[in-house]
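Some notes on the structure that comes next.
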Amino acid sequence: MEIRITKPEKGNKFYTRKASGGYSACIKGKPTDACDVLSNCVGYACGRFNEIIGEMKYPGLNCDAEDFIERAKSKGLEISDVPTLGGIMVWQKGDTLGSSDGAGHVAIVEKIDSTNQIYTSESNYGGEA
């Protein structure tokens, strides 16, 4: 796996909504640019996870970050309590499946140096993509 250290290039369909000619079923991020799901942690993580696989095999990873584990399980993805290369890390905020107490956060594990040091790529709603 080649780690991503730069913003996805303009026109990358993994980070662009279906309504804009891409593969993603995620919500439009804010702010947007040529890749309209980037400023959204779920849109980025869904795009990057599928980009690593090489096809949009899991377009349905388009939920609130705190619900990501349940959505992943429903798609048959393996869940682990330790970081895995290319995996999606999930930070829960409040109760799972209770979006009234926060949305949580997700990121992609790009590199593992040791049990104490990993590198992630990520984005966030309302932030710089």
Side-chain angles (χ1 to χ4, degrees):
M1 173 183 129
E2 187 173 330
I3 68 171
R4 178 171 280 289
I5 58 173
T6 60
K7 180 178 175 178
E9 66 283 352
K10 179 179 180 178
N12 187 319
K13 292 187 177 201
F14 288 103
Y15 304 94
T16 304
R17 295 179 318 125
K18 290 178 182 177
S20 300
Y23 305 140
S24 182
C26 293
I27 65 168
K28 189 173 185 176
K30 181 181 178 185
T32 63
D33 64 6
C35 297
D36 60 4
V37 300
L38 283 182
S39 291
N40 171 354
C41 67
V42 169
Y44 177 82
C46 178
R48 179 66 179 136
F49 185 75
N50 285 286
E51 181 181 45
I52 291 167
I53 294 168
E55 65 176 298
M56 191 53 105
K57 186 173 180 178
Y58 300 99
L61 296 175
N62 59 341
C63 54
D64 283 340
E66 74 170 56
D67 303 338
F68 221 90
I69 292 172
E70 286 75 13
R71 182 67 61 97
K73 285 178 183 176
S74 76
K75 303 291 179 198
L77 295 170
E78 183 179 335
I79 306 301
S80 172
D81 60 354
V82 296
T84 56
L85 191 60
I88 302 168
M89 289 185 66
V90 178
W91 289 266
Q92 180 181 326
K93 182 174 181 181
D95 294 328
T96 287
L97 304 176
S99 59
S100 63
D101 58 7
H105 186 65
V106 291
I108 298 293
V109 178
E110 296 283 348
K111 182 179 177 183
I112 302 172
D113 278 348
S114 68
T115 56
N116 294 321
Q117 186 172 21
I118 64 168
Y119 296 87
T120 64
S121 66
E122 58 197 285
S123 188
N124 67 299
Y125 193 82
E128 293 293 321

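Because the structure is a prediction, the values reported are computed rather than measured.
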What heavy-atom pair brings [X] and [Y] nearest, and what distance separates the two atoms?
{"X": "Pro83", "Y": "Val109", "answer": "CB-CG2, 4.2 Å"}
{"X": "Ile79", "Y": "Ala72", "answer": "CD1-CB, 3.9 Å"}
{"X": "Ser123", "Y": "Cys41", "answer": "O-CB, 3.0 Å"}
{"X": "Tyr58", "Y": "Lys75", "answer": "CE2-O, 3.8 Å"}
{"X": "Ala25", "Y": "Pro59", "answer": "CB-O, 3.8 Å"}
{"X": "Thr120", "Y": "Ala107", "answer": "CB-CB, 4.0 Å"}

Does the [X] side chain pair with the main chain of [Y], one donor and one acceptor, at a distance under 3.5 Å?
{"X": "Glu110", "Y": "Tyr119", "value": "no"}
{"X": "Asp36", "Y": "Lys28", "value": "no"}
{"X": "Arg71", "Y": "Gly60", "value": "yes"}

If two hydrophobic side chains count as joined below 4.5 Å and joins carry through other members, does Leu85 share a cluster with Val82? no
Ile112-Ile5 co-clustered via ILVMFWY side chain contacts under 4.5 Å: no
Where do Ile118 and Met89 land on the side chain to side chain contact (heavy atoms under 4.5 Å, CB included) test, with the steps shown first? CA-CA 11 Å; Ile118 64 168; Met89 289 185 66; 3.2 Å; yes
Measuring from [X]:[atom1] to [Y]:[atom2], what's the distance to the nearest 0.5 Å?
{"X": "Lys111", "Y": "Gln117", "atom1": "NZ", "atom2": "CD", "value": "8.0 Å"}
{"X": "Ile3", "Y": "Ile108", "atom1": "CD1", "atom2": "CD1", "value": "13.5 Å"}
{"X": "Thr16", "Y": "Lys10", "atom1": "OG1", "atom2": "NZ", "value": "10.5 Å"}
{"X": "Ile52", "Y": "Phe14", "atom1": "CD1", "atom2": "CZ", "value": "10.0 Å"}
{"X": "Cys35", "Y": "Tyr44", "atom1": "SG", "atom2": "OH", "value": "11.0 Å"}

Got Ile88 and Leu77 here, is their nearest side-chain heavy-atom distance under 4.5 Å? no
Salt-bridge test for Arg48 and Glu51: reply yes if a basic N is under 4.0 Å from a carboxylate O, no otherwise.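 Salt bridge: yes.
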CA sep, side-chain torsions, deciding dist, call: Asn50, Lys57, side chain to side chain contact (heavy atoms under 4.5 Å, CB included): CA-CA 6 Å; Asn50 285 286; Lys57 186 173 180 178; 4.1 Å; yes
Determine the interplanar angle of the His105 and Trp91 rings, folded into 0 to 90°, and report it as parallel if under 30°, tilted if 30 to 60°, perpendicular if over 60°.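 Tilted: the ring planes of His105 and Trp91 meet at 30° to 60°.
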